[in-house]
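Worksheet for the structure shown next.
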Protein chains: 2
Amino acid sequence: MISNSAQFELMSEFRAKCKKHNLKMTPQRVTIYQELVKAKDHPGCEDIFERVHKKFPDISLDTVYRTLSTFADIGVINQVEGYGEAKRYDPNTGRHHHLRCLKCNSIVDFQDTTFNNLRIPKSVEKSFVVNNIKVILEGLCKECAKK
Amino acid sequence: MISNSAQFELMSEFRAKCKKHNLKMTPQRVTIYQELVKAKDHPGCEDIFERVHKKFPDISLDTVYRTLSTFADIGVINQVEGYGEAKRYDPNTGRHHHLRCLKCNSIVDFQDTTFNNLRIPKSVEKSFVVNNIKVILEGLCKECAKK
DNA sequence: TTTTCTGCAAATCCTTTGCATATCC
DNA sequence: GGATATGCAAAGGATTTGCAGAAAA
């Protein structure tokens, strides 16, 4: 549960970040953000739309799409797996890790012994059967970093 | 570059796995698999289709979709980020990690100090600007593991 | 008043499905 | 010969886009 003061703080941060990026405060944006903060299930656009729609029957689905995308752009929220992109496949079924460029979407394999030997935390073992550990480094590849 | 003998070995493994899962060997499947093994770019369905199409002009796009999906099911290849699923968002922008259930698609946050303190490998630093490290444990959640 | 956002509708992209025919074992 | 795979066409789901009117700064 989030305390009232924490919620208030989140809300001011949100307003500050919007201001910084010249985003106007609209009731749609506020409602969507509030609904997001409550969510513990890493919801998709449709999920958020359904929840927001109860309080705000006139909101349209594409506003939710646009808003979530904008929020992610300015770092108010994050996108998680999946990325809404097309499926991609890897013929290398051995242990390895990925660099993922956020700009050009390239994925490059790399090896690292520390990452290979990560142990599953005890606390996780009790509630989850882990098949595999993925380590993904997200950022910019050499070419994209130049620009 | 993959040596001829390594390529031959991959091919026998491939045939063995197909046999085990009662998959027939068709020229489409062989061609798709060969094209995949050569790929270093974690291609999508459309990519594979274009490459295969040059050698095999009669192949259809949906065969490629079906085949790649089948290959992933039997573990001949792996799906990587993205998963072809809808976008999902996380209001928690702080450091944390994810458990991802492969069956029900739930994503649950967890904390772990070891994972929090992973260092970016030196070899990576030279060729990549890392924004964030993601650790994702994939497997089955408690409910799905029961079945 | 100017810039930005929203809702609507249409378009686009990715993926799956049903079915008849062709192919593999 | 029997089971399975393929190609075609159509459907389905997710996401984006253009545009005119509405709302925020």
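Labels below follow one simple rule: chain letters A, B, ... track the order of the sequence lines, proteins then strands, and each chain is numbered from 1.
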Query raised in the report: Considering residues at least two apart in sequence or located in another chain, which fulfil the salt bridge (charged side-chain N to carboxylate O under 4.0 Å, His left out) criterion with A:Asp41?
Result: A:Arg51
Report task. Taking only heavy atoms on the protein side, list every residue of residues 46-54 of chain A lying under 4.0 Å from any atom of DNA chain D, sorted numerically. Result -> none
Report task. Would you please confirm or rule out a distance under 4.0 Å between OP1 or OP2 of C:dT16 and any side-chain N or O of A:Lys87? Result -> yes
Requested in this report: Apply salt bridge (charged side-chain N to carboxylate O under 4.0 Å, His left out) to B:Lys19 and list each qualifying residue two or more places apart in sequence or on a separate chain.
Outcome: none
Query - Terminal helix-axis angle for the helix from C:dT1-D:dA25 to C:dC25-D:dG1, with five pairs defining each axis and rounding to 10 degrees - result: 40°
Query raised in the report: Taking atom types as modelled, is there a side-chain donor on A:His98 or A:Asp90 under 3.5 Å from an acceptor on the other?
Result: yes
Query - Length of the line joining A:Lys19:NZ and C:dT4:P, which is rounded to integer Å - result: 15 Å
Report task. Specify the residues of residues 62-73 of chain A, ordered by number, for which at least one heavy atom lies under 4.0 angstrom from an atom of DNA chain C. Result -> A:Asp62, A:Thr63, A:Arg66
Query raised in the report: If you look only at pairs with a residue in residues 125-147 of chain B, which of them pass as a ring pair (Phe, Tyr, Trp, His ring centres under 6.0 Å), with sequence neighbours excluded?
Result: none
Query - Close side-chain approach of B:Glu50 to B:His53, heavy-atom, < 4.5 Å - result: no
Expected list for residues 21-29 of chain B: side-chain donor-acceptor pairs under 3.5 angstrom, two or more places apart:
residue : atom : partner : partner atom : Å
B:Thr26 : OG1  : B:Arg29 : N            : 3.1
B:Arg29 : NH1  : B:Lys24 : O            : 2.8

Report summary line: Those residues at least two apart in sequence (or on a different chain) that pass side-chain hydrogen bond (donor to acceptor under 3.5 Å, both in side chains) with A:Asp62 are A:Ser60, A:Arg66
**Report entry** B:Asn116 side chain to B:His97 side chain, donor-acceptor N/O pair below 3.5 angstrom
**Finding:** yes
Report summary line: Atom CG of A:Asn22 and atom C1' of C:dC5 are separated, to the nearest Å, by 14 Å
Query raised in the report: Among pairs that include at least one residue of residues 107-124 of chain A, which meet salt bridge (charged side-chain N to carboxylate O under 4.0 Å, His left out), considering only residues two or more places apart or in two chains?
Result: none
Requested in this report: Run through the side-chain heavy atoms of Ile, Leu, Val, Met, Phe, Trp and Tyr, join any pair under 4.5 Å, and report what else lands in A:Leu140's cluster.
Outcome: B:Val129
Query raised in the report: To the nearest Å, how far apart are A:Glu85 CD and C:dT15 C1'?
Result: 15 Å
Query raised in the report: Hey, do the aromatic rings of B:Phe49 and B:Tyr65 have their centres closer than 6.0 Å?
Result: no
**Report entry** A:His21 NE2 - C:dT3 C1' separation (whole Å)
**Finding:** 18 Å
Report task. Could you grab the distance from atom CD of B:Gln34 to atom CG of B:Leu10, nearest 0.5 Å is fine? Result -> 11.0 Å
**Report entry** Pairing residues for A:Ser5 by the side-chain hydrogen bond (donor to acceptor under 3.5 Å, both in side chains) criterion, not counting sequence neighbours
**Finding:** A:Ser3
Requested in this report: Starting at atom CD1 of B:Ile59, determine the distance to atom P of D:dC8, rounded to an integer number of angstrom.
Outcome: 11 Å
Taking N or O atoms only and anything under 3.5 Å, show me the protein contacts with nucleotides 22-25 of chain C, one pair per line.
residue : atom : partner : partner atom : Å
C:dC24  : O2   : B:Lys24 : NZ           : 3.1
C:dC25  : OP1  : B:Met25 : N            : 2.9

Query - Protein-nucleotide distance (B:Arg29, atom CZ; D:dG7, atom P), rounded to Å - result: 11 Å
